[in-house]
Peer 1: 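First, the structure itself, so that you have it in front of you.
In the text below, chain A, chain B and the rest are named by the order of the sequence lines, each starting its count at 1. The shown structure was predicted, so the numbers you read here are calculated from the model rather than taken from an experiment.
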Amino acid sequence: MSALWSLHGLTARQGRKTVLDGASLSVSAGEVVGVVGPNGAGKTSLLRAGLGLLAAEGEARLSDRPVAQLKPPERARLVGYLPQDRRAAWNLPARMVAALGASDLADDAADALALEMLTRVGARDLADRGVLDMSGGERARVLLARLLATRAPLLVADEPVAGLDPDAQLLTLDLLRAEAARGAGVVVTLHDLGLAARSCDRIVVVDAGRIVADAAPQEALSPAVLRAVFKLDGALIETEAGPVLAARRI
Amino acid sequence: MSLVRLCLLMVLVLVGATVLAVVLGETPLSMAQYARAVGQPASPPGEVLWTIRAPRVAVAALVGAALGLAGATMQGLLRNPLADPGVLGVSAVSGLGAALAISGGLAVAPGAIELSALVGALVAGAVVVAIAARFREPEALILFGVALSAFGGALTALVFNLSPSPVATAEIMAWLMGSVQNRDWTDAAWAVVPMALGAALCLRAGQGLRMLTLGEEAARMSALPMARLRLYAVAGAALLTGAAVAAAGVIGFVGLAAPHLVRALVRDDPKRILWPSALAGALLLVLADLAARLIPTEQELKLGVVTALFGAPAFALLAWRASRSWRS
């Protein structure tokens, strides 16, 4: 089966700085891939370059088609993207925000789908509330509903749990795992290494624009990688609730 | 409230205001004279109603609608409640076009000032379209707009400075203050064509404006052809603003205020706000022109002066409210 998303040797520059240096990655249906790395390592650049939002050398393909050659409707059918910036310009009701994910549908059909997705993320009761009147956690769920409303086979979320409390973080990742169980490929950038290890099938570690590890969580976040990339002395420890990170600064 | 019902209600209010604006004026008429004006349009009272007041009210409504729609479009495009057609610099460059025509002695040629203003707007619009295609961030477009506006203003000041004739200087000043005084049906007809084209472009961009609610990247990853819709919005707003300046001179704050009058009624939706903003702009300018005519002053107040007097405090209030939401 061909990959939903395959990146080969992506190199991107912003000004004179190389933000991505020969990055390669492949994502298949049904897996949750976590992208981790220190601040400024190139996690967001990797996603943006791979989606055609950032000019880059190398090759990026969605369902085996070059991203650069896809027209907006074709690209929207293949991938849904949740950007890091969660600000909304206007106080639209949640159902209208969720319906933005279904930009290929007529208004009525998009609204019905938005309500279905709000129900799926447990935010049906927020449907008519303005997104600027919500807490960060509530807005995150509405934006997740928008992502799900794309119905794309590949879902890419940039720091979907940033600023959320632990319960909301776990809920968000559980919902994304549920999408993977339905057959979607899911890519998330995360800062919490324990949460990433617990929620992802595979971890991609980015450092200084390069992918330095791409493996199952225990291998990708080995003590050597924790030391070299995150400047941490420690290890992932298996517990009943899943892996947790026990580490201290070097 | 559904969009159709809201628009119908606003049309009714606008029709009422339009009737009032045609009926009331500096020249008082008796009931018998009104009846004669309706029965015999060519009679002296008919001339007052149908040749002097009605086209003036029509131009005010058209200009208001154009500015209101352009304002709502710019606010949606720039994701900024303080955006206004003037922000793009189109009003300033359009005003410069009119000033050049007057200073160059073209005022005697019918339609020359209007055409020059429209050309100025289109040139500014082309510059803005090119900038919008190159820089996607709304902040960048606003800053270029401010720069273009300042440059247009500076060149207009230069035209003032170098103008050899005090008559031309006074004429330029009158144009820049904005007015629909002495406009006739030909002026209204001239305004309709570019305004209709601009309105069609802005309305076509509506879905894209709604998609921009969550930012540039979310919009770019949608199924919509955002690059094209963005150009529609900028070109449409430029055409509307240019046609408005060509018809009535520079009139500020209507584009800013009109969308805010109806924003709550459409739940902030940047797409559904377009039609109601046009209607609100038409209503605002018809009433502002009525006020300009009826406020007893030695010389009739200029429309742009009236809108600025009410609009500037409204702008300050909006900025204050916006700054509170930015802080939170």
Side-chain angles (χ1 to χ4, degrees), chain A residues 44 47-48 50-54 62 67 70-107 110 128-133 136 139 142-143 146-147 149-152 154-158, chain B residues 2-4 72-83 134 136-139 142 205-230 259-260 262-274 277 321-322 324-328:
Chain A
T44 299
L47 304 190
R48 295 180 70 235
L51 295 172
L53 293 170
L54 174 66
L62 282 165
V67 170
L70 293 172
K71 291 193 165 65
E74 294 168 329
R75 186 170 62 176
R77 263 199 300 278
L78 297 175
V79 60
Y81 179 51
L82 180 63
Q84 193 174 343
D85 187 355
R86 290 209 289 263
R87 286 174 300 175
W90 311 109
N91 198 17
L92 295 186
R95 63 199 299 167
M96 200 178 279
V97 170
L100 293 177
S103 53
D104 55 322
L105 299 181
D107 280 1
D128 290 307
R129 194 160 358 137
V131 284
L132 297 183
D133 298 330
R139 196 186 302 174
V142 172
L143 294 179
R146 184 201 71 83
L147 179 68
T150 61
R151 295 147 291 141
L154 175 69
L155 302 175
V156 179
D158 195 1
Chain B
S2 79
L3 183 61
V4 174
T73 303
M74 294 325 301
Q75 288 176 15
L77 181 69
L78 302 176
R79 306 172 71 227
N80 190 328
L82 300 179
R134 175 73 182 80
R136 294 180 184 279
E137 291 300 319
E139 293 85 353
I142 288 179
Q207 189 69 19
L209 300 180
R210 182 190 277 169
M211 191 57 71
L212 280 168
T213 297
L214 294 180
E216 286 291 324
E217 298 220 318
R220 278 175 69 190
M221 290 302 293
S222 76
L224 301 181
M226 285 306 299
R228 195 191 321 156
L229 295 181
R230 165 188 290 278
H260 287 282
V262 293
R263 194 167 280 292
L265 298 171
V266 295
R267 297 213 58 184
D268 250 8
D269 182 355
K271 180 184 179 186
R272 295 202 313 149
I273 204 170
L274 297 176
S277 295
R321 278 173 52 184
R324 280 173 64 205
S325 70
W326 288 332
R327 276 201 298 273
S328 67

Peer 1: Checking heavy atoms, do the side chain of A:R77, its backbone, both or neither come under 4.5 Å from chain B?
Peer 2: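 A:R77 has no heavy atom closer than 4.5 Å to chain B.
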
Peer 1: Tell me, for A:D128 versus chain B, whether the close heavy atoms (under 4.5 Å) come from the side chain, the backbone, both or neither.
Peer 2: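 Contact with chain B is through both the backbone and side chain of A:D128.
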
Peer 1: Identify the two heavy atoms, one from B:D268 and one from A:N91, that lie closest to each other, and give their separation to 0.1 Å.
Peer 2: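 Looking at all heavy atoms of both residues, the closest pair is OD2-N, 2.7 Å.
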
Peer 1: Begin from the C-alpha positions of B:L214 and A:L143 and carry the test side chain to side chain contact (heavy atoms under 4.5 Å, CB included) through to its verdict.
Peer 2: CA-CA 9 Å; B:L214 294 180; A:L143 294 179; 3.8 Å; yes

Peer 1: For B:Q207, is it the side chain, the backbone, both, or neither that has a heavy atom closer than 4.5 Å to a heavy atom of chain A?
Peer 2: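 Side chain only.
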
Peer 1: With the threshold set at 4.0 Å, does a side-chain nitrogen-carboxylate oxygen contact exist between B:R272 and A:D107?
Peer 2: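 Not counted as a salt bridge, because no side-chain N and carboxylate O are separated by less than 4.0 Å.
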
Peer 1: Between A:R75 and chain B, which part of the residue has a heavy atom less than 4.5 Å away: side chain, backbone, both or neither?
Peer 2: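 Side chain only.
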
Peer 1: Please report the interatomic distance CZ(B:R267) to CH2(A:W90), rounded to the nearest 0.5 Å.
Peer 2: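 So the gap between those two atoms works out to 15.0 Å.
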
Peer 1: Among A:G130, A:P72, A:A76, A:A102, single out the residue with the greatest number of heavy-atom pairs under 4.5 Å to chain B.
Peer 2: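 Max contact count across the listed options: A:P72.
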
Peer 1: Taking only heavy atoms into account, what residues of residues 78-86 of chain A are found under 4.5 Å from chain B?
Peer 2: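 A:V79, A:Y81, A:P83, listed by number.
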
Peer 1: Taking all heavy atoms of A:A88 and all of B:R79, pick out the closest pair and write down the distance.
Peer 2: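 Where A:A88 meets B:R79 most closely, the heavy atoms are C-NH2, 4.4 Å.
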
Peer 1: Would the distance check show the side chain of B:R210 and the main-chain N or O of A:M96 forming a donor-acceptor pair, the cut-off being under 3.5 Å?
Peer 2: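 Not at all, since once roles are kept as given, no pair shorter than 3.5 Å links the two residues.
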
Peer 1: Tell me, do B:P270 and A:L92 make a side-chain contact under 4.5 Å, heavy atoms counted?
Peer 2: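 A side-chain contact exists here, since the closest heavy-atom pair is under 4.5 Å.
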
Peer 1: Donor-acceptor pair, distance only, cut-off 3.5 Å: does the side chain of A:S103 make one with the backbone of B:A223?
Peer 2: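 Side chain of A:S103 to backbone of B:A223, a donor-acceptor pair under 3.5 Å: yes, one is there.
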
